[in-house]
Amino acid sequence: MLDLLKTIHSPEDVKNLSIEQLDHLAKDIRTFLIQSLSQTGGHLASNLGVVELTIALHYVFQSPEDKFIWDVGHQSYVHKLLTGRRAGFKHLRQLDGMSGFPKRKESVHDVFETGHSSTSISAALGMAKARDLKGAQNEVVAIIGDGALTGGMAFEALNNAGRSNSNLIVILNDNEMSISKNVGGIGKYLNKLRSSKDYLRAKEDVEDVLHKIPVVGEHMVSTIKKAKEGVKSFVIENTLFEQLGFTYLGPVNGHDMLDLIQILQNAKEMKGPILIHIKTKKGKGYTIAEQKPSQFHGVGPFCISTGEGKAKAGTTNFSTAFGECVLRAADSDEKVVAITAAMPEGTGLLPFAKAYPKRFFDVGIAEEHAITFAAGLASEGYKPVAAIYSSFLQRAYDQVLHDVCLQNLPVIIGVDRAGLVGEDGPTHHGLYDIAFLSSMPNMTVLSPKMPEEIEGALEYAFAKNGPVAIRYPRGTTCISTEFLNDYKNIGFKTLNSGNNMAILATGRMVETALKVGTFLKEKGYEIAIIEAPCVWPINVEDIKALMKQYHYLFTLEDGIIQGGFGEKIFSQIALLEGKIKGKCFGHESGIVPHGKVEQLFEKEHLDAISIAKELLTILEKESR
């Protein structure tokens, strides 16, 4: 078992195999992925679905001269296996180990780094134009899923590419799933293409006629079956893609190696922009993942025989608490509506969707639309709550500013996965939201430190009648409920008193600050631990109180320092001509690698021990 996979060290090894051996290689790869990811975790279902496609790509094209751009990028594991990185799977997504996404520094075969959806066609067209300007002849291939195709950026790129006349191949990997089930017109349109009765009837009629032609008829039928795209393109000549300027080929069975190779070879010989529509099954080859593709999109270590995760179930996390609290708010107010961008499960809104389907809106992978859609609802008297991951909210910067904040509309944004998220790495860490949201007019940014505070934060947000962002991390925190804040007052709160030194922390970093305080107390030093439930706006009177009481102030946040919470605090102190000394603790750079969150905090010197040691040095110097 896996003998054939062990012989693959580069794409050249793939080219030397027969079709039968390629099918055997596909089985080896699936077995390897299931075994390996059951130990490390990772993106399983999406990779199981693209095994044959990835093999066919490397069989037909010449990487890295020919460029493959994987939209989102979490489905690039098979590509990594075929480009000599099998050993790296032992440390997949671990600190200093192999990334779960394409990474240029890892391999020359990773030509563009992706992590957010709907970007591949734009990048591919840029590479194709660069090739044309150079006078080169290489191929450029973008692989995009039907879920990512719901993102508006993909259509901007299709529109531009279709009129470019540049040689470009776009492969639409249609598995009828993004992380959650696809929604909207694009999904319906693709379903129409997949199951067109006109196509099926015409195909049967054409084959019946050809069968009757003496001598050559059977050969012609065989030839057409091997090039199904010819029939499909002839019958559905006015597809959306054709109207945009693409030659449409497909749909093709994405698990039929021979069909895939033939259609890719045909596309390689054609000129201009080509779109190949392939149909795959997410989780292919692992029955449990096929049945529960959303559950196996991203997994931790699991038991292969049952599919059950090996991690112990923890207490209620922030996302679950947020979903539960929004649902309770909807129970008592019919104006409350909920919005997600293809993440009903990840953001905890699935119970809301089931309870109030008419008041729940999954807009697909379209964060920009989600925010302006929410603004439209708010302008008509509704109370929209949009739950979006912090790193994905970056895509809707303009909509939050222009459509929500400038009009002072009561849109509540649940900023999920704020701060470090762990194994998905720099494209998914939510380190910028404090900096960009707190610079916007009329915006209030709340940062609860424990899941139990979500309800109070939401109640405050509903009463505010203006834009409010509630930022919270992935997972949970372990803070005593004696420090619970009900959000009836969002001013600074002293959790532990101290002498002339204070730590002012927000969100999950309050837990770290309390640990620092305990460490220093054991060394004989009492320092104040103060919480900022509201990151922005900052109450000037709270700042004045700090200036009167403390000589040293240290701010602590899980976000970038530049433009962040700490800088805004010290900016206010400077405006008030304060003489307080101190430092901002946060992320020096927004580029933080992948790994376990605890390891990343240590690497960033933002763990309790690292901070405590730095403060201890100052305290000991002061006491001399």
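Numbering of residues begins at 1 and proceeds along the displayed sequence.
Asn539 places no side-chain N or O within donor-acceptor distance of the main-chain N or O of Gly491, the cut-off being under 3.5 Å. In terms of modelled atom types and a separation under 3.5 Å, the side chain of Gln394 and the main chain of Ser391 share a donor-acceptor contact. Side-chain N or O atoms of Ser118 include one that pairs as donor or acceptor with a backbone N or O of Ala148 at under 3.5 Å. When atom types are taken as modelled, the side chain of Thr320 and the backbone of Asn317 share no donor-acceptor pair closer than 3.5 angstrom. A donor-acceptor pair is defined here as one N or O able to donate and one able to accept, closer than 3.5 Å; no such pair exists between the side chain of Asn496 and the backbone of Ala528. In this structure, the side chain of Asp558 does not engage the main chain of Met509 through any donor-acceptor pair within 3.5 Å.
Distance check: Lys581 NZ to Asn500 CG gives 10.0 Å after rounding to the nearest 0.5 Å. Distance check: Ile69 CD1 to Asp110 CG gives 11.0 Å after rounding to the nearest 0.5 Å. Separation of atoms CZ (Arg417) and NE2 (His428) is listed at 10.0 Å; rounding is to 0.5 Å. Of the inter-residue distances, the one linking Ser319 atom OG with Leu350 atom CG reads 13.0 Å to the nearest 0.5 angstrom. Between atom NZ of residue Lys103 and atom OG1 of residue Thr114 there is a gap of 10.0 Å, rounded to the nearest 0.5 Å. Remark: Thr427 OG1 to Ile591 CD1 distance equals 11.5 Å, nearest 0.5 Å.
Considering His594, His74, Arg93, Arg474 as possible partners of Asp424, the one that fulfils the side chain to side chain donor-acceptor pair (under 3.5 Å) test is Arg93. For the side chain to side chain contact (heavy atoms under 4.5 Å, CB included) with Lys449, the lone residue among Asn485, Thr477, Leu484, Thr506 that qualifies is Asn485.
Side-chain polar atoms of Thr347 and Asp416 form no donor-acceptor pair below 3.5 angstrom.
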>> Walk me through whether Ile412 and Lys383 qualify under side chain to side chain contact (heavy atoms under 4.5 Å, CB included).
In response: CA-CA 8 Å; Ile412 298 173; Lys383 301 176 181 179; over 6 Å; no
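The cationic group of Lys583 lies under 6.0 Å from the six-membered ring centre of Phe585 and within 45° of the ring axis, placing it in a cation-pi geometry.
Under the rule for a salt bridge (Lys or Arg N to Asp or Glu O under 4.0 Å), the partners of Glu106 that lie at least two apart in sequence or sit in another chain are Lys80, Arg85. For the salt bridge (Lys or Arg N to Asp or Glu O under 4.0 Å) test, no residue two or more places apart in sequence or in another chain qualifies with Glu577.
In Lys603, the NZ atom is not crowded: 12 or fewer heavy atoms of neighbouring residues, nucleotides or ligands sit closer than 6.0 Å.
Of all non-hydrogen atoms in Leu446 and Ala457, the two that sit nearest each other are CD1-O, 3.6 Å.
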